[in-house]
Each structure stands twice: as C-alpha cells, then as structure tokens.
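A, B, ... follow the sequence lines: proteins, then strands. Residue 1 opens every chain.
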2 protein chains.
Amino acid sequence: MGKEPLTGDQYHHGNLRAALLDSALVVLTEKGVAGFSMREAARRVGVSQSAPKHHFGDARGLLGALATRAYRQLCDRLESLELAGLDARGRVTRIAAEYVAFAGENRALFDLMWRMTQFDFTAPELAEQKHRALRALDRSLRGEDAEPAASDTDPALLPSYAVWSLVHGYTTLALEGAIDSSNPDPLNSDLLPAMLALLDVSGPPRTSLP
Amino acid sequence: MGKEPLTGDQYHHGNLRAALLDSALVVLTEKGVAGFSMREAARRVGVSQSAPKHHFGDARGLLGALATRAYRQLCDRLESLELAGLDARGRVTRIAAEYVAFAGENRALFDLMWRMTQFDFTAPELAEQKHRALRALDRSLRGEDAEPAASDTDPALLPSYAVWSLVHGYTTLALEGAIDSSNPDPLNSDLLPAMLALLDVSGPPRTSLP
DNA sequence: CCCCTCATCTTGACAGTGAGCAGATGATTC
DNA sequence: GAATCATCTGCTCACTGTCAAGATGAGGGG
C-alpha cells in the first residue's frame, strides 16, 4: 500500500480524473496537438499507462473532455464581460478582443477545440457549448434586453454569425502566420478592430433599411 | 545531379516522389490528418517504409510538400476565376464561393494547410503561396486595373483581409459543425453571401481619393 | 570492356504510441 | 468479517516514425 502523500486528496489514487485533465493540459500545451501523448499525461501524475481508460475510454475521450472544458472556459469569459455603457460596435470590439485573447493564451487548447470532428468526437455537451458561445456572442452584440433568437436559423443571428466568422477567421489565420505575419504579436494588432469597423452590425433586414 | 527527369517512368522504381505525393493524398483523404501514416502511403505504391526518407526527409516533409501543392492549386483556382463584368460585391461573392468549394472538395487537404506551423513546417515557398493567395484575393476584389498594394501593411488591403478572415472563418466553423449545423451542406448555404453583404468592401478610409 | 561512383531503395532494428485483457488492490456495503 | 465493485496495474499486440547499414542498378570514365 504505497501511501504517498495522503494530503486531503483521498487516494485510491486521488480523484484521478481531474488530475489527468490537468496533466493532459500541460502535455498538450508543451507538445501541441500533434505531439500529445496519453501515456505521458498518465506518467506525469505517476499512474499507469492504462489508468485513463476507466475515466475517459480512450485518447479521444480525454481530448474531448479537455476540449469541452475549454469551451466552457471560453464561454464563461465571454459571458462575464462587462459591456455596460458600450454601443453595439464597442461591445463587438470588446468581445472580439476577449476571443482573441483566449486563443493567444491557450493556443494548443484553441487548436484542439476546432479539431474535434477530426478526432471523430461528437459529444452532445460539446455541441451545446458551441451553441452557448454563439448565444453569448449574440447577446453581447444585440444587448442584454434584446429578445434572443428563436432558432439557429433566425435571420436576426446573421450579424453575430458574421462577427464570429470574421473574428475566428482572423484568429486562426494570424496564428498560422498567414495574416499580419510581420507583426510579432498579430493577435494584439489593431487590424481586427479596423476590419470589424467594415462590418454592419446594426441588425438584420427587418423591414427597415440599415 | 541531373535535374532532368526522364520520360515517363524512369526505373529504379519510377519517379517515386510524385507517386508518393499522390499516394499520400489518398491516405490523407481517407484517414484524415490525425490518421495519416507515412508507412501506409509508401505501402500503397509498393515501396519500402523508409523509401520516402530520401525524397522528403521525414513525415513533416511529406505533408509539407502536400500542403505546398495544395496552396498552389487553391491559388491557381482563385487566379483563374472569370470575373469580367462583375462589380466589387459580385467578385467577392464569386471568389468566396470558390474558396469554400475548394475547402469542401479537399477537406483533409484544407485542414492540413492551416496546420503546418503545428508540424513545425516553415518552408519559404509555403509563406510565398500564402501571400499569393492574399494577392489573388485582393486583385479580384479591387479589380485587375487597380494598383497592387505596396506592402502587406498597406491599409488598402484592409477589405481583402476582412473578406479573407470572414470567408475562412465561416469555412472552418461550418466544417467543424459550429455554424449552420442543421444544414446538411453548410458550405453551399446562402449564409455566406448574406454575411458578405454586411461587409463594406468599397475601399480603405478615404483619406486619399482615387 | 571493367570498375567505380552515386543516388536510390530495402532490410532490420529501436523507442514510442493507443488499445485490449487478466488480475491485484482497496473502498464500500451487507 | 465477507462479498461486491470501481479503480488501477502489468502485460501483450499491432502500429507508427526514424535511423543505420547494406543491396541494387544506372551512368560515366579508365
């Protein structure tokens, strides 16, 4: 009975699930998505190579749980933004900056988030978090008091889709060095606000012109 | 040393380099980036596992060559578009459709293209092709006769950056199922033209007039 | 002609990975 | 106490990328 530090954590070997998630995040950050190894994540918490199986099934399960947690963190940040006193354009700029900041602070995680279908990972909670991200963005754009969209195909969502697409596209292109590559920190450039200024975020064509 | 290739298949085992590229493309398309295997690509052309080493160095070299070829194909398609008689908005819509079509027809390849930094692959030709894509897009947007941008930071490029970001962002988000997921073929939806209609593509801040 | 050189390709290893299976281990409950 | 059950270990297997050393064959002087 190897009684390692029994501090607080009840060890059978503790709450392995959380420990493995943290360890996996470190490995992912260090090695990137391509260099990630489930064995190494297990090794770092001092546990056998097949310990993760009971908690996550397989490697995709682990990465999926990690991505789901990342989505939740991103949504939390977007939802907790302080936007009072800002007009629509100011809100959009603010939320775009937060989106880009998250991507910059969690590059490997951000990479992983948009690669889950490639890993054949389709958890309902993941799709739910994606919807949550859109809703958070839409609520910030149209204001707290605006009535939420009826469905995902509500034309009122169009500006939010456009903002998301533009911000997400710029983020991935900049991280890949395709845009603003001369800038040492393209994620902090003023290119994004300038691009957003070209976008009409006033609202959908609801029987009145822009 | 003779860079002169012989006609057709020169035997030792033919022109392996091209054959391996084709084979790798098939494997990539079938298994995706995550499931790609260099050994399998070699196996399919009936050659040993370490045959690719002489031509590509390692697996990243093979994928890099594949990505470079893909960039060139995309640029070729964008540059050969017939845009005569279209106004700026029509040209943008047309080029966006072509961009999305390429992504839909070559999903695994398109995935790979924006993942090369992750594989530590930095070939000068790859960066050059990215610039070429931007220039093709910009030329299509502002017309053949407009004077090209002086540098990558020329403010006149702003609309092109915005269009690229929006189109690229929508493409990746749609492929990932984050946008328009109820649509069975989100890449052919009319969402993208509607979003582009929200974008002001008229030109840079009019501090100077044409 | 022979022989030499050199690019190309094969063989055979090595370390590392994800996955599956039989069993130890220990907490919980009866 | 004993039985149950989730949890974790050790082992095996097939597979991967990479490397070093050896075959193979084409082309070019002597």
Side-chain angles (χ1 to χ4, degrees), chain A residues 1-6 8-21 23-24 26-28 30-66 112 115-116 118-121, chain B residues 1-24 26-28 30-66 112 115-116 118-121:
Chain A
M1 44 187 298
K3 51 198 60 69
E4 267 72 21
L6 232 328
D9 301 337
Q10 55 152 359
Y11 273 20
H12 195 189
H13 217 188
N15 44 356
L16 229 194
R17 190 187 156 90
L20 275 175
L21 275 179
S23 172
V26 174
V27 175
L28 183 75
E30 287 182 5
K31 306 292 182 64
V33 177
F36 176 79
S37 155
M38 191 171 66
R39 281 168 112 110
E40 182 164 3
R43 213 179 295 134
R44 295 206 187 184
V45 297
V47 93
S48 107
Q49 65 204 23
S50 48
K53 172 155 196 180
H54 240 271
H55 296 276
F56 303 100
D58 57 0
R60 272 170 286 128
L62 213 185
L63 290 178
L66 214 48
L112 176 67
R115 223 154 285 186
M116 290 319 296
Q118 192 187 29
F119 288 109
D120 295 324
F121 185 82
Chain B
M1 312 312 183
K3 52 176 285 189
E4 165 58 29
L6 293 191
T7 67
D9 300 338
Q10 64 160 345
Y11 272 65
H12 206 186
H13 201 203
N15 46 355
L16 229 193
R17 189 187 156 90
L20 275 175
L21 275 178
D22 291 341
S23 172
V26 175
V27 175
L28 183 75
E30 287 182 5
K31 306 292 181 65
V33 178
F36 176 78
S37 154
M38 190 173 65
R39 279 171 113 109
E40 183 163 3
R43 214 178 294 133
R44 296 207 186 183
V45 296
V47 94
S48 106
Q49 66 210 17
S50 47
K53 174 158 195 176
H54 243 270
H55 296 275
F56 303 100
D58 57 358
R60 271 171 287 125
L62 213 185
L63 291 177
L66 215 47
L112 176 68
R115 223 155 285 184
M116 290 319 296
Q118 192 188 31
F119 287 109
D120 297 324
F121 185 82

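In this structure, L20(A) atom CG and dC8(D) atom P are separated by 8 Å, rounded to whole Å. Whole-Å rounding puts the E40(B) CD to dA14(D) C1' distance at 13 Å. Counting to the nearest Å, the C1' atom of dG17(D) and the CZ atom of F121(B) are 17 Å from each other. In this structure, the CE atom of M38(A) is 13 Å from the P atom of dT9(D), given to the nearest Å. L16(A) has its CG atom 4 Å from the P atom of dC8(D), to the nearest Å.
The two atoms that bring A34(A) and F119(B) nearest to each other are CB-CE2, 3.8 Å, heavy atoms only. For S23(A) against A41(A), the heavy-atom pair with the smallest separation is OG-O, 2.7 Å. The shortest non-hydrogen separation linking L62(A) to M38(A) is CD1-CG, 3.7 Å.
On a pure distance criterion of 3.5 Å, a polar donor-acceptor pair joins the side chain of R39(A) and the base of dG18(C).
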Pairwise N/O distances under 3.5 Å, protein to nucleotides 22-24 of chain C:
none

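Between S48(B) and the phosphate of dC9(C), there is no side-chain N or O to OP1/OP2 separation shorter than 4.0 Å. Between R43(A) and dT17(C) there is a side-chain N or O to OP1 or OP2 distance below 4.0 Å. The side chain of S37(A) places an N or O atom within less than 4.0 Å of a non-bridging phosphate oxygen (OP1 or OP2) of dG18(C).
For the segment residues 50-61 of chain B, the set of residues with a heavy atom within less than 4.0 Å of an atom of DNA chain C comprises S50(B), A51(B), H54(B), H55(B), in numerical order.
Both R17(A) and Q49(B) lie close to DNA chain D; mapped to their nearest nucleotides by heavy-atom distance, the more 5′-ward contact belongs to R17(A).
Residues that satisfy the side chain to side chain donor-acceptor pair (under 3.5 Å) test with R115(B), not counting sequence neighbours, are Q118(A), D111(B). Residues satisfying the salt bridge (charged side-chain N to carboxylate O under 4.0 Å, His left out) criterion with R44(A), sequence neighbours excluded, are E30(A), E40(A).
Rounded to the nearest 0.5 Å, atoms CG (L21(A)) and CG (N15(A)) are 10.5 Å apart.
Two residues are said to be in side-chain contact when any heavy atoms from C-beta on lie closer than 4.5 Å; L112(B) and F36(B) fail this criterion.
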Would you list the atom pairs, donor with acceptor, under 3.5 Å between side chains in residues 45-57 of chain B and any protein atom, with sequence neighbours excluded?
| residue | atom | partner | partner atom | Å |
| --- | --- | --- | --- | --- |
| S48(B) | OG | S50(B) | N | 3.2 |
| Q49(B) | OE1 | R39(B) | NH2 | 2.9 |

